[in-house]
Amino acid sequence: MQELQRLNPEQRRAVLHEGAPLLILAGAGSGKTRVITTKIAYLVIEKSADPMSILAVTFTNKAANEMKSRVTAMSAEAAGVMIRTFHSFGAWLLRRHSHLLGIPATYTICDQDDALVVLKNAAGERYEKQELRRYLRWIERAKDYCLGPEDDLTDVSTDRRLTDIYRLYQQRLEASGKLDFGDLIMRTVDLLRRQPEVRDRIRGRFRVVLVDEYQDANAAQFLLLKELYGPENYLCVVGDEDQSIYRFRGADVQNILRFPEAFPGTEIIRLEENYRSTQNILEAATKVVANNRERLGKSLWSKRGAGLSIGLAVLADEREEASFCAALLEDTAPGADLGNTAILYRNNYQSRIFETVFSRLHIPFRLIGTLRFAEREEVKDGLAYLAFLLNDRDEVAFLRIVNKPSRGIGRSSLEKVCAHRTAGWTEACRAALQELSARSRRGLEEFLAIMEQLSAELPRLRPAELVRKMLELSGLHAYYASKDRTEETGRLQNIEELVNAAREYPRGAEGLAGFLESLRLDSSDEDPYERVNAVNLITMHNTKGLEFDRVIVTGMEDGLIPHYREGMEEELELEEERRLFYVAMTRARDRLILTGCRRRQVFGTYKFRSLSRFLGEMPEGLLEPMTPGAAAPAEEEAGSEYGAGTGVYHDRYGPGMIIRKWQEGGHTLVDARFESGKTARFVLRYANLERISLDDR
DNA sequence: CAAGATGTAATTTTT
DNA sequence: TTACATCTTG
């Protein structure tokens, strides 16, 4: 197999390895995906392994899809290999054994929003939203550790009410015939433990189990691996303890650190040659992460030259930070692909200023990982109709859609329906009908009629047609069409997109359930691998597994990175933040630029900030200060230029023109007329008027 | 019952 | 600054 020749000795050793459990410690950019995919192809081609007997598990769909396409490129036969995320593997197994678990085969999956609704209904009105969120976090955490309500939860929280609330939540969830993300792992473990014959059958089928990004495994996922791994099986996990960044989600570095203890006889192979970054970038990143104690340690090296220095720019505020980045982008060679640059930040909200500044300057950008399709209100509405169609015990779906679009069914009417609640909501509705006012009754009858019609169509229609029908019958299409006219959001487009998304799924309940599952578990509607000439705006977490020619890490300030939050467990959190920064830095191939602000707006007022302590952990000589003035267009001292006739842009008023300028009380004042027809007077220094050319509208 | 108005609170990271 | 929750009005 010629791919083997292209590997370095350690990579080859990892591919050829068999027998004992294998832990591959793969540094950033060391070609770990290549090793896994080649290993799969090697097993199929050279060792004549049955593709069906191989299971490869990842954490994100992004990674799973990437792996799938690379594997099939090497061997068409290997298309039969099962490559899934942990969650989707659990979902698959649970669906096939739903009869053993007392859950419907067409169960739907709760996302966090849905789970919060379930919890709210379960716990009653007496809790505030924030409290409920806290409890939900604890419940999720418990599930990360495979702990049920009856288990000792003191490691999760010592709150006395947690056990009760957790139990109520779980009952309510099960009564609704739904599973949450945690269930997908926890109940799979449960299934394999309680049904030894299922476990043995699975062990018999998947003789080879490969796990990517193992450093992000949580306790439940570890336990799942334990169940999958029998005496006849081969287990290989790949990971990098320095890139473990999902502690908040229950990921535990100890999982990878202690893998050799948990699986006796484990052999370790280190991949330390980095193929991605220049020496400078690598050295800086390595020096920073070396401050961590919780690591096995490896020494990354690269054959690439020293390369460019690492740029450091300190800007006045986040607005200047964004313009600085914009100037860098505008400086790039004509024809160069903006898609080769990524702008990274710690918190999602930091993207906002980049969006505004870039839009104004007509710099194309795309937000990666944020606007999740399935989490939009209008999409959730549509999905709720479909979920309810599959399972009329689904309380979350029912409450969402019974009166959306409005059918005149208000709170009091709903309470009457709830009083009749039995197993299914259809029944409860029918039972409550005669107690309702004429108006509410008509509305509810209409709702029931809609669902009945759709139910009749369910076995006959393919999901795409069914979705179309649902949008019409439910009135959602009309509802969002009229809304869209006034609000000009793309909501109508989004729900129509639902029709397209449903194509390719087989007809009937199973097909529909499969469609809903993929939407829930595969939220990546923006494909970072797709070539687009637009700069990438992305959180540090979301960059895992990605790489870019040029990376700008923004917000290099104490409090942002490392992120501060009260009550945090100092040392552990700090090491996690350091790993996150390490991940961010090692995404860069050729050029790494760090930016921070002297002050930043917090809740509308400016706060002074100090630079990130991580900057001090980098070798002195590698950092090269960049002067904002050189790259950013001069704005401050341009006061003298804002004469009458100057085109300006104001945040509130939009584009306009200066019509008069004069001095008064030591300040320069201007009057401006805007396109809206309004005029306004500003103190030039404070007004944040941006210059634009007049034909630039 | 629903849309508008007004007041108050708050920003990690994601399958 | 904005998001969201509660109150008020049509």
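Scope of the values below: all heavy atoms of this structure, side chains included, with no hydrogens, waters or symmetry mates. What you are looking at is a predicted structure, and each value in this text was computed from that prediction instead of being measured.
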**Report entry** Closest nucleotide among B/dA2, B/dT14, B/dT13 to the A/S406 side chain
**Finding:** B/dA2
Query raised in the report: Side chains of A/E213 and A/Q215: donor-acceptor distance under 3.5 Å anywhere?
Result: yes
Query raised in the report: A/K607 has an atom NZ; how far is it from atom C1' of C/dT1, in whole Å?
Result: 12 Å
Report summary line: Between the OG atom in A/S244 and the CG atom in A/N292, the distance rounded to the nearest 0.5 Å is 10.5 Å
Report task. Send over the distance from A/R600 CZ to B/dT12 P, rounded to a whole Å. Result -> 15 Å
**Report entry** Selected nucleotide, minimal atom distance to A/K129 side chain, candidates B/dT15, B/dA2, C/dA5
**Finding:** C/dA5
Query raised in the report: In whole angstrom, what separates A/L521's CG from B/dT15's P?
Result: 10 Å
Report task. Mind calculating the distance between CG (A/D114) and P (B/dT15) to the nearest angstrom? Result -> 16 Å
**Report entry** Contact under 4.0 Å: A/N218 side-chain N or O vs B/dT15 OP1/OP2
**Finding:** no
**Report entry** A/Q130 vs A/S413, nearer the 5' end of DNA chain B by closest nucleotide
**Finding:** A/S413
Report summary line: Comparing nearest nucleotides in DNA chain B, the 5'-proximal residue of the pair A/E140, A/I409 is A/I409
Query - Options B/dT15, B/dT12, B/dA2, nucleotide nearest the side-chain atoms of A/H563 - result: B/dT12
Query raised in the report: B/dT15, B/dT14, B/dC1: which one has an atom nearest the side-chain heavy atoms of A/T539?
Result: B/dT14
Query raised in the report: Can you check the A/F181 CZ to B/dT15 C1' distance for me, whole Å?
Result: 5 Å
Report task. Describe the nucleic acid contact of A/Y349 in one word from base, sugar-phosphate, nothing, applying a heavy-atom distance below 4.0 Å. Result -> base
Requested in this report: Classify the nucleic acid contact of A/N542 as base, sugar-phosphate or nothing, counting any heavy atom under 4.0 Å across all strands shown.
Outcome: sugar-phosphate
Query raised in the report: For the side chain of A/H541, counting heavy atoms from C-beta on, which of B/dT13, B/dA10, C/dT2 is nearest?
Result: B/dT13
Requested in this report: For A/Y246, report the nucleic acid contact type (base, sugar-phosphate, nothing); a contact means any heavy atom under 4.0 Å.
Outcome: sugar-phosphate
**Report entry** Parallel, tilted or perpendicular: rings of A/H541 and A/Y246 (30°, 60°)
**Finding:** tilted
Query - A/R84 to A/F89 six-membered ring, cation-pi geometry met (6.0 Å, 45°) - result: no
Report summary line: The nucleotide from B/dT14, B/dT12, C/dA3 with an atom nearest the side chain of A/R352 is C/dA3
Report summary line: To the nearest angstrom, the CZ-C1' distance between A/R133 and C/dA5 comes to 13 Å
Requested in this report: Determine, using ring centers only, whether A/F86 and A/F59 are less than 6.0 Å apart.
Outcome: yes
Query - pi-stack flag for A/F248 and B/dT13, centroid dist under 5.5 Å, interplanar under 30° - result: yes
Requested in this report: Measure from NZ or CZ of A/R95 to the centre of the six-membered ring of A/Y107, then state whether that distance is under 6.0 Å and the direction lies within 45° of the axis.
Outcome: yes
**Report entry** For atom CG of A/L519 and atom P of B/dT15, their distance in whole Å
**Finding:** 14 Å
Query raised in the report: On a whole-Å scale, what distance lies between the P atoms belonging to B/dT13 and C/dC4?
Result: 14 Å
Query - Minimum-distance nucleotide (side-chain atoms of A/T85 versus B/dT12, B/dA2, B/dT15) - result: B/dT15
Requested in this report: Compare the minimum distances between each of B/dT12, B/dC1, B/dT14 and the side chain of A/R439, then state the nucleotide with the smallest one.
Outcome: B/dC1
Query raised in the report: OP1 or OP2 of B/dT13 less than 4.0 angstrom from a side-chain nitrogen or oxygen of A/N348, does that happen here?
Result: yes
Requested in this report: Measure from CD1 on A/I353 to P on C/dT2 and round the result to the nearest Å.
Outcome: 10 Å
